[in-house]
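Reviewing the structure listed below.
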There are 2 protein chains.
Amino acid sequence: MSSRVAHAIDLEVVLKALASARRLQILEWLKDPQTHFPPQEHGDPVEHGACNLYIVEKLGVSQPAGSRHLKVLVDAGLVLATRRKGWVYYRRNEDMLSTVADRMAKI
Amino acid sequence: MSSRVAHAIDLEVVLKALASARRLQILEWLKDPQTHFPPQEHGDPVEHGACNLYIVEKLGVSQPAGSRHLKVLVDAGLVLATRRKGWVYYRRNEDMLSTVADRMAKI
DNA sequence: TAGCAACATAACGTGTTAGTTATGTGGCTG
DNA sequence: CAGCCACATAACTAACACGTTATGTTGCTA
């Protein structure tokens, strides 16, 4: 069992967040930030994830559109944000993702 | 291993179909049709599932709205439809549901 | 502390989703 | 074979999702 109790998830909110090719793509990229994004000066890609700008750029949409996709993922609890030196880094919330996977096994 | 090879699933389509409180509810009801729906004259609830009208009625929406929710689930492959004596019965596609669960474990 | 770079918010257009009522269709059944 | 019952389709509306450009805000940094 995990060291912290998993929050009760709102399955509809989580699934709406996941039901998007762009957001699925972001989660996929964040599995291995070092491979998918340029090196970062501040913020270790492995520890803190990839910064907003890089993700937005790679998505190929405008900055507000990209930021909103990230916000949807954060609001659903699937991705964690870290602010650091003026940048915001995003990484997968593996606890949440496995909670979701467990829940989906009972659907 | 299953007797038939699982189709490659379109995760976005499946998740869009699942990202709805009403449709999640339908899938939940269909886990145990006998408990959640009135007895049926034709079509065994366990074998064939619950008929359209009962599901629509229990959803509390209009007949077209309910039918469309069912169509979304069928189109995504999550639910199977059986036409029989003028009724249409719906049941869970457990193969597909476990394929989806497996896929979600790798997300 | 002035400026700028990163990100957020606002405002808007457009396509999609989910609901409605009205109507069509097709196959039991009397 | 006439009627009806179950379900599908059409047409419309309201709300939401997702994209854009324009503008705010925040906090490094020179």
Taking the minimum atom-to-atom distance to the side chain of [X], which one of [options] wins?
X: A:N52; options: D:dC7, C:dA8, C:dT20; value: C:dA8
X: B:P64; options: C:dA22, D:dC7, D:dC18; value: C:dA22
X: B:V61; options: C:dA6, D:dC7, C:dG19; value: C:dG19

To the nearest Å, how far apart are [X] [atom1] and [N] [atom2]?
X: B:L18; N: C:dT17; atom1: CG; atom2: P; result: 15 Å
X: B:L59; N: D:dC7; atom1: CG; atom2: P; result: 13 Å
X: A:D75; N: C:dA8; atom1: CG; atom2: P; result: 11 Å
X: B:L53; N: D:dA8; atom1: CG; atom2: C1'; result: 12 Å
X: B:Y54; N: D:dA6; atom1: OH; atom2: P; result: 9 Å
X: A:L15; N: D:dA17; atom1: CG; atom2: C1'; result: 16 Å
X: B:E57; N: D:dC5; atom1: CD; atom2: C1'; result: 14 Å
X: B:I26; N: C:dA18; atom1: CD1; atom2: P; result: 11 Å

Q: Summarise how protein sits on nucleotides 11-16 of chain C as a single string, 5' to 3': B when a protein heavy atom is under 4.0 Å from the base, S for sugar-phosphate-only contact, - for no contact.
A: ------
Sub-3.5 Å donor-acceptor pair from the side chain of [X] to the main-chain atoms of [Y], do we have one?
X: A:R68; Y: A:Q63; answer: no
X: B:N93; Y: B:G77; answer: yes
X: A:K58; Y: A:H36; answer: yes

Has [X] got a side-chain N or O lying under 4.0 Å from the OP1 or OP2 atom of [N]?
X: A:S67; N: C:dA8; value: yes
X: A:S62; N: D:dG19; value: no
X: B:H69; N: C:dG19; value: yes
X: B:R23; N: C:dA18; value: yes
X: B:R83; N: C:dG27; value: no

Q: Nearest-nucleotide wise, let me know which of B:K16 and B:Q63 is further upstream toward the 5' end of DNA chain D.
A: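 Per heavy-atom nearest nucleotide, the more 5' residue is B:Q63.
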**Q.** Donor-acceptor side-chain pairing of B:H69 and B:R22 below 3.5 angstrom
**A.**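 No.
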Q.
Would you say that A:L97 contacts A:R92 through its side chain, given a criterion of any heavy-atom pair below 4.5 Å between the two side chains?
A.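 Yes; the side chains approach each other to less than 4.5 Å.
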**Q.** Spatial distance of atom OG (A:S20) from atom CD1 (A:I26) [nearest 0.5 Å]
**A.**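 So the OG of A:S20 and the CD1 of A:I26 are separated by 7.0 Å.
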Q: Measure across B:A17 and B:L78 and return the closest heavy-atom pair with its distance rounded to 0.1 Å.
A: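 Smallest heavy-atom distance, with atoms named: CB-CD1, 4.0 Å.
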